[in-house]
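Inspection log for the structure reproduced underneath, given as structure tokens.
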Amino acid sequence: MKKPLILVTADVKPLDGYNWHAAPSTYLQATLSGADAIPVILPSLGAEVDLDAALDRVDGVLATGSRSNVNPQLYGAEATEANGPYDAARDSTTLPLLRRAVERGIPVFAICRGMQELNVAFGGTLLTEIQEMAGRSDHRAPTSEHQDERFRIAHTVDVESGSQLEKVIGDAKFNVNSLHRQALGSLGKGLKIEAMAEDDTIEAVSVTGAKGYVVATQWHPEYWVASDGPSQKLFKAFGDAARAYAGQRT
């Protein structure tokens, strides 16, 4: 069987007079090595992109993390400069992409901003600047010029018994990294909690009744996929789901 094609979401970055549509290399490498699949970046061109035509050609969708945040106006809150930066082009592309992929039963793996996009896409809300909330830990990355330090393992997550995540990882508790200042608030329609941090921050979700594989994590398994067991299992499970979908599609 041919290796599955994975559609990867893109940020829009202004550089040298152009708008570049890009995805971090860690996600692309994790797709290649961890999922044993071929990543293809989808430009964030909003309504100009025929999403069904794109989804007809792929076997999975990977929604990446990003420095930008989902615009709060999309879930009924106020957008502020302090909560930015925002990426309207990405919002207008990735939210409908995730809705359509889930509706069609195409495997989805959503990470960090990707998990937040999945929640908003299905009518959920986000909490902003959670490090300022009483009882919440500081989930932001440490200040460092070294990526290994920024992505270091930071805290434990408790996995829901009988969840999709427990089936994938095989453990009820394991350690993850942490690089976010937002978190899920009210859950979108059909979303189900898969794991929590000790401060009640939602760390992973799935979609109840989804036709296909859908797992989303607030942490970043793509960074340690070469050496961390849970990260390896997550990308392998996503790759296996994409291969199974490709087999059905052909």
- Message: Is there a side-chain contact (heavy atoms from CB on, under 4.5 Å) between Ile169 and Phe174? Walk through the geometry before answering.
- Response: CA-CA 9 Å; Ile169 305 297; Phe174 55 93; 3.8 Å; yes
- Kindly give the heavy-atom pair with the smallest separation between Val70 and Leu74, and that separation in Å. CG1-CD1, 4.0 Å
- Note on the structure: Closest heavy-atom pair, Asn83 versus Asn69, reported as atoms and distance to 0.1 Å, is O-ND2, 2.6 Å
- Taking side chain as C-beta onward, heavy atoms only, is Val157 less than 4.5 Å from Lys173? no
- Task: Report yes or no: do Val207 and Val108 belong to one cluster of Ile/Leu/Val/Met/Phe/Trp/Tyr joined by side chain heavy-atom distances under 4.5 Å?
- Result: yes
- Task: Look only at the side chain of Asp199 and the backbone of Ser137, and say whether a donor-acceptor pair between them is shorter than 3.5 Å.
- Result: yes
- May I have the step-by-step check of side-chain contact (heavy atoms from CB on, under 4.5 Å) for Glu117 and Asn119, ending in yes or no? CA-CA 5 Å; Glu117 290 170 327; Asn119 194 50; over 6 Å; no
- Query: So how far is it from Arg136 CZ to Ile130 CD1, rounded to the nearest 0.5 Å?
  - Reply: 6.0 Å
- Start with the C-alpha distance between Phe235 and Phe109, add both sets of side-chain angles, then the distance that settles ring-ring contact (aromatic ring centres under 6.0 Å, His included), and finish with yes or no. CA-CA 8 Å; Phe235 270 92; Phe109 189 13; 5.1 Å; yes
- For Leu98 and Leu118, work out which heavy atoms get closest and say how close. CD1-N, 3.7 Å
- Check the side chains of Glu129 and Gln131 for a donor-acceptor pair under 3.5 angstrom, ignoring hydrogens and angles. yes
- Query: Trp224 side chain to Gln232 main-chain N or O, any donor-acceptor pair under 3.5 Å?
  - Reply: no
- Message: Is it the case that the side chain of Glu194 and the backbone of Leu165 share a donor-acceptor pair, with hydrogens and angles ignored and the cut-off at 3.5 Å?
- Response: yes
- Message: Rounded to the nearest 0.5 Å, what separates atom CH2 in Trp219 from atom CE in Met115?
- Response: 8.5 Å
- Is Arg67 atom CZ crowded by more than 12 heavy atoms from other residues, nucleotides or ligands, each under 6.0 Å away? no
- Query: Are Thr217 and Glu203 close enough that some pair of their side-chain heavy atoms sits under 4.5 Å apart?
  - Reply: no
- Ionic contact status for Arg90 with Asp11, cut-off 4.0 Å: yes
- Task: Determine whether Ile38 and Leu32 make a side-chain contact, defined as any pair of heavy atoms from C-beta on separated by less than 4.5 Å.
- Result: yes
- Is there a donor-acceptor contact under 3.5 Å from the side chain of Ser231 to the main chain of Val225? no
- Message: If the threshold is 4.0 Å, N to carboxylate O, is there a salt bridge linking Arg152 and Asp148?
- Response: no
- Query: Is the backbone of Ser44 close enough, under 3.5 Å, to the side chain of His21 for a donor and an acceptor to pair up by distance?
  - Reply: yes
- Short side-chain to backbone donor-acceptor contact, Tyr27 and Gly65, under 3.5 Å: yes
- Query: When you check the gap from the basic side-chain N to the acidic O, do Glu103 and Arg99 get nearer than 4.0 Å?
  - Reply: no
- Any link between Leu7 and Val215 through a network of hydrophobic side chains (Ile, Leu, Val, Met, Phe, Trp, Tyr) touching at under 4.5 Å? no
- Between Leu187 and Ile193, is a side-chain contact (heavy atoms from CB on, under 4.5 Å) present by the stated rule, with each step listed? CA-CA 9 Å; Leu187 288 179; Ile193 294 174; 3.8 Å; yes
- Would you kindly confirm whether Leu95 and Phe122 end up in one hydrophobic cluster when ILVMFWY residues are joined by side chain heavy atoms under 4.5 Å apart? yes
- Query: Under the criterion side chain to side chain donor-acceptor pair (under 3.5 Å), which of His139, Arg113, Gln116, Gln218 is the partner of Gln182?
  - Reply: Gln116
- Salt bridge flag under 4.0 Å for residues Arg243 and Asp59: no
- Query: Same cluster for Val58 and Leu28 if Ile/Leu/Val/Met/Phe/Trp/Tyr side chains link at under 4.5 Å?
  - Reply: no
- Item | Check: Ser206/Gln164 side-chain N/O donor and acceptor closer than 3.5 Å | no
- Message: Is it the case that the side chain of Thr201 and the backbone of Ala197 share a donor-acceptor pair, with hydrogens and angles ignored and the cut-off at 3.5 Å?
- Response: no
- Thr94 side chain vs Asp91 backbone, donor-acceptor pair below 3.5 Å: no
- Message: With a 4.5 Å cut-off on side-chain heavy atoms, are Leu179 and Phe151 touching?
- Response: yes
- Message: As an exercise, state the distance from OG1 of Thr9 to CG of Leu42, rounded to the nearest 0.5 Å.
- Response: 8.5 Å
- Task: Determine, for Asp56 against Arg104, whether the closest basic-nitrogen to carboxylate-oxygen distance falls under 4.0 angstrom.
- Result: yes
- Note on the structure: For Gly239 and Pro4 the tightest heavy-atom approach is O-CG, 4.4 Å
- Task: Under the side-chain contact (heavy atoms from CB on, under 4.5 Å) rule, what do Val176 and Ile153 come out as? Steps first, then yes or no, please.
- Result: CA-CA 5 Å; Val176 301; Ile153 301 302; 5.6 Å; no
- Task: Please report the closest heavy-atom contact between Ala237 and Val168, naming both atoms and the distance.
- Result: CB-CG1, 3.8 Å
- Note on the structure: Nearest heavy-atom approach of Pro39 to Val8 is CB-CG2, 3.8 Å
- Note on the structure: Rounded to the nearest 0.5 Å, the OG atom of Ser186 sits from the OH atom of Tyr75 at a distance of 10.0 Å
- Interatomic spacing from CG in Leu234 to CG in Asp228 - rounded to 0.5 Å: 9.0 Å
- Answer yes if Val49 and Leu62 sit in the same cluster of Ile, Leu, Val, Met, Phe, Trp and Tyr residues linked by side chain heavy atoms under 4.5 Å apart, and no otherwise. no
- Quick one: does Asn71's side chain have a donor or acceptor within less than 3.5 Å of a partner on Tyr86's backbone? no
- Message: Looking at Gln29 and Ser25, would you say the former's side chain and the latter's main chain have a donor-acceptor pair under 3.5 Å?
- Response: no
- Straight-line distance of His180 NE2 to Ile111 CD1, nearest 0.5 Å: 13.0 Å
- Message: Would you say that more than 12 heavy atoms from the other residues, nucleotides or ligands in this model lie under 6.0 Å from the NZ of Lys192, or not?
- Response: yes
